[in-house]
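Report on the structure given below.
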Protein chains: 2
Amino acid sequence: MTQPNKYESVRDQVLDRIAHLEVGDALPPERSLADELGVARMTLRRALEELAREGVLDRHQGRGTFLAQPKISQQLEMTSFSEDMRRRGLVPGSRTLSMQTASAGASLGQRLELSPRASVVRVRRLRTADGEPMAIETLHVPAELVPDLSATDLDGASFYDLLVERYELSIATGHQVIEPTVLNAEEAEHLQAPEHSPAFLFERTSRSSEGRLIEFVRSVYRGDRYRLEVELHPPRRSAAIPSGGRRDERP
Amino acid sequence: MTQPNKYESVRDQVLDRIAHLEVGDALPPERSLADELGVARMTLRRALEELAREGVLDRHQGRGTFLAQPKISQQLEMTSFSEDMRRRGLVPGSRTLSMQTASAGASLGQRLELSPRASVVRVRRLRTADGEPMAIETLHVPAELVPDLSATDLDGASFYDLLVERYELSIATGHQVIEPTVLNAEEAEHLQAPEHSPAFLFERTSRSSEGRLIEFVRSVYRGDRYRLEVELHPPRRSAAIPSGGRRDERP
DNA sequence: AAGTGGTCTAGACCACGGC
DNA sequence: CCGTGGTCTAGACCACTTT
């Protein structure tokens, strides 16, 4: 039991416990399952809530809890390109276009919360899916975080895996801005798509669990091969800006 | 007390209770606040968790709970255009471009889970923010759900509010596909933006809590005025597809 | 050491679905 | 009616931050 919180380990125990079930099968009732796992029902429920939120389980009051159909649109999570492609049933690949180390400069320094004189590694990669060009990714990382990083390290590999395995850095949270754009001539050439054709522009900054800024990534994705799908959640009532205004009042 | 769940009313009471606070101010400790509101601490915590998830509060173990800076990036929730614009600090508006009722036809019938012969209301609206064109929205609703809907009903109003107030329909969940696109000549004219300039294409289907399909909406947003911001959450460990694979095992 | 939020417990009752 | 998940309670202890 290396997890600090019991409900996390309970979550994993539940996953083991239901590994042999088919989609649509019912789980044991909460009371029995809690008993079986030796935890309070509230603790089990916390684990089940997380699994339901992740889309693994469907819960219905009065009926029971069931193994859900695996979801495809678990999008906009903090996944790497590689993981994202695998979820879409494609084989991810990578070809490094350029790599250099230089001082951050004003604007990049600000984004990475570094001194403008700090050294930053900039890697430009063509990302492929099933061998076809999918995106151009420009990665910026503080040089001190990734000593001895070489271009071949990144060929065909997941940067996030490399961070964990070699530099013991793991990314915990991120902030991403998404805009529509069109391909310029150079991007179009790399991506083997028409110039001016629609594309996504993603700008992501990622932090470690300690809050340290680890990367700034700018990615351009072909609009004809890549799209986002999201499940929209229940409208959070008035919420959000509690500025004196009236809350919703029911008659 | 018209809310069925106590934690919902507690949530609203907390919002009232903190309405006069400035950003960064501390809330009373959970124990006192629970006492004051006459509920168990667990119930109060459920309300506080929701408010923290919505971005209204920041909570820090050992320090306290604080009124958060209003967030801009609460994106990709199931909000209406009107609500979305308000959150961005803009004044939403609407001008109905066209409205007609016709039979669904094959493809639209499929999307709306209707017979191809079923009657569907199609409304095209120009959506504005601070008076400037922001998006073109094409809404499709089964006609039987919205008897006597007229074009003026929708001028300047939120369709979702109208659904609730007049038709007693409320939207619970949705599925949205997001693609980059470019404006065609007609869209460009309505949106007062250059032809071929980047734009977002959203296609959304929404359901009531009973699972009934209520609407299919196709929206084109100006890429120079609208962008998405998302907070990326921790990578859900192996999860999601519980197909016999090993869960993460720590030594 | 004191005070905060975070977790966990054991049990009660409620709301809903199916028999 | 019974069994299910959903809510709520009162209290305990833990982990973290500040004094």
Side-chain angles (χ1 to χ4, degrees), chain A residues 1-14 17-18 21 24-68 172 209-211 233-234 237, chain B residues 1-14 17-18 21 24-68 172-173 208-212 233-234:
Chain A
M1 206 73 47
T2 58
Q3 280 117 331
N5 296 327
K6 187 173 282 193
Y7 69 84
E8 289 189 10
S9 90
V10 168
R11 173 190 173 281
D12 292 352
Q13 289 176 58
V14 171
R17 180 75 175 63
I18 65 177
L21 294 187
D25 285 358
L27 272 69
E30 294 182 352
R31 289 162 180 81
S32 339
L33 194 49
D35 205 48
E36 190 180 320
L37 299 176
V39 297
R41 189 175 156 223
M42 286 285 280
T43 306
L44 171 68
R45 279 181 57 77
R46 166 106 189 221
L48 294 183
E49 272 156 30
E50 189 168 322
L51 289 169
R53 214 170 9 89
E54 291 172 20
V56 178
L57 302 178
D58 285 333
R59 312 169 82 197
H60 299 282
Q61 177 163 162
R63 288 209 287 139
T65 302
F66 307 87
L67 188 55
S209 50
E210 300 85 37
H233 305 300
R237 293 179 300 287
Chain B
M1 197 77 50
T2 62
Q3 279 115 335
N5 297 327
K6 188 173 280 192
Y7 69 85
E8 289 188 10
S9 90
V10 167
R11 171 189 174 282
D12 291 352
Q13 289 177 60
V14 170
R17 181 76 175 62
I18 65 176
L21 294 187
D25 286 358
L27 272 68
E30 293 181 354
R31 289 163 181 82
S32 337
L33 194 49
D35 206 45
E36 190 179 319
L37 298 176
V39 298
R41 191 176 155 221
M42 286 285 281
T43 305
L44 171 68
R45 280 180 56 76
R46 168 106 188 221
L48 294 181
E49 272 157 29
E50 190 169 321
L51 289 170
R53 213 167 14 86
E54 291 172 17
V56 177
L57 301 178
D58 285 334
R59 312 168 86 197
H60 299 283
Q61 176 162 162
R63 290 208 286 136
T65 301
F66 307 87
L67 187 55
T173 64
S208 70
S209 51
E210 300 85 38
R212 162 125 212 200
H233 304 298

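Numbers restart at 1 for each chain; the letters A, B, ... are given by sequence-line order, proteins then strands. Only this structure's heavy atoms are used, side chains among them; waters, hydrogens and symmetry mates stay out. All values derive from a computational prediction rather than experimental measurement.
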Review point. Over how many whole Å does the gap from B:His60 atom NE2 to D:dT18 atom P extend?
Key: 10 Å

Point to revise | Spacing of B:Leu44 atom CG and B:Thr65 atom OG1 [to the nearest 0.5 Å] | key: 8.5 Å

Review point. Using a cut-off of less than 4.0 Å, is there contact between a side-chain N or O of A:Arg46 and OP1 or OP2 of C:dC8?
Key: no

Check your understanding: Looking only at side-chain N and O atoms, does A:Tyr7 come under 4.0 Å of OP1 or OP2 in C:dT7?
Key -> yes

Practice item. Taking side-chain contact (heavy atoms from CB on, under 4.5 Å) as the test, write out the residues that go with B:Tyr7, two or more places apart. Key: B:Asn5, B:Thr43, B:Arg46, B:Glu50

Practice item. Look at A:Arg45 and D:dG5 and indicate whether a side-chain polar atom (N or O) is within less than 4.0 Å of OP1 or OP2. Key: no

Check your understanding: In whole angstrom, what separates B:Asp58's CG from D:dC16's C1'?
Key -> 17 Å

Point to revise | Interatomic distance, A:Arg59 CZ vs C:dA15 C1' [rounded to whole Å] | key: 15 Å

Exercise for review: Output the distance between atom NE2 (B:His60) and atom CG (B:Asp58), rounded to the nearest 0.5 Å.
Suggested key: 4.5 Å

Point to revise | Sub-4.0 Å heavy-atom contacts from residues 28-36 of chain A onto DNA chain C, ordered by number | key: A:Arg31

Point to revise | Separation between CD of B:Glu36 and CD of B:Gln13, rounded to the nearest 0.5 Å | key: 9.5 Å

Point to revise | Whole angstrom value for the distance that separates P of C:dA15 from CD of B:Glu8 | key: 14 Å

Exercise for review: Tell me, please, which residues at least two apart from B:Asp25 pass side-chain contact (heavy atoms from CB on, under 4.5 Å).
Suggested key: B:Leu21, B:Glu22

**Study point:** Residues in side-chain hydrogen bond (donor to acceptor under 3.5 Å, both in side chains) contact with B:Glu49, at least two apart in sequence or another chain
**Key:** none

Check your understanding: By side-chain hydrogen bond (donor to acceptor under 3.5 Å, both in side chains), which residues pair with A:Gln61, not counting sequence neighbours?
Key -> none

Which atoms of nucleotides 17-19 of chain C (N or O only) lie under 3.5 Å from a protein N or O atom, and what are those distances?
none

Revision key, fill the gap. Walking DNA chain D from its 5' end, the first of A:Gly64 and A:Glu49 to be reached, judged by nearest nucleotide, is A:Gly64

Practice item. Evaluate the side-chain contact (heavy atoms from CB on, under 4.5 Å) criterion for residues A:Val14 and A:Leu27: first the C-alpha distance (whole Å), next the side-chain angles of each, then the deciding distance (0.1 Å), finally the verdict. Key: CA-CA 9 Å; A:Val14 171; A:Leu27 272 69; 4.3 Å; yes

Check your understanding: Between CG of A:Leu48 and CG of A:Leu33, what distance do you get to the nearest 0.5 Å?
Key -> 6.5 Å

**Study point:** Partners passing side-chain hydrogen bond (donor to acceptor under 3.5 Å, both in side chains) against A:Arg31 (at least two apart in sequence or in another chain)
**Key:** none

Exercise for review: Please list, chain by chain and in numerical order, all residues satisfying side-chain contact (heavy atoms from CB on, under 4.5 Å) with B:Pro29, sequence neighbours excluded.
Suggested key: B:Ser32

Between the protein and nucleotides 9-11 of chain D, list the N/O to N/O atom pairs that are separated by less than 3.5 angstrom.
residue	atom	partner	partner atom	Å
D:dT9	OP1	B:Lys6	NZ	3.2
D:dT9	OP2	B:Ala40	N	2.9
D:dT9	OP2	B:Thr43	OG1	2.3

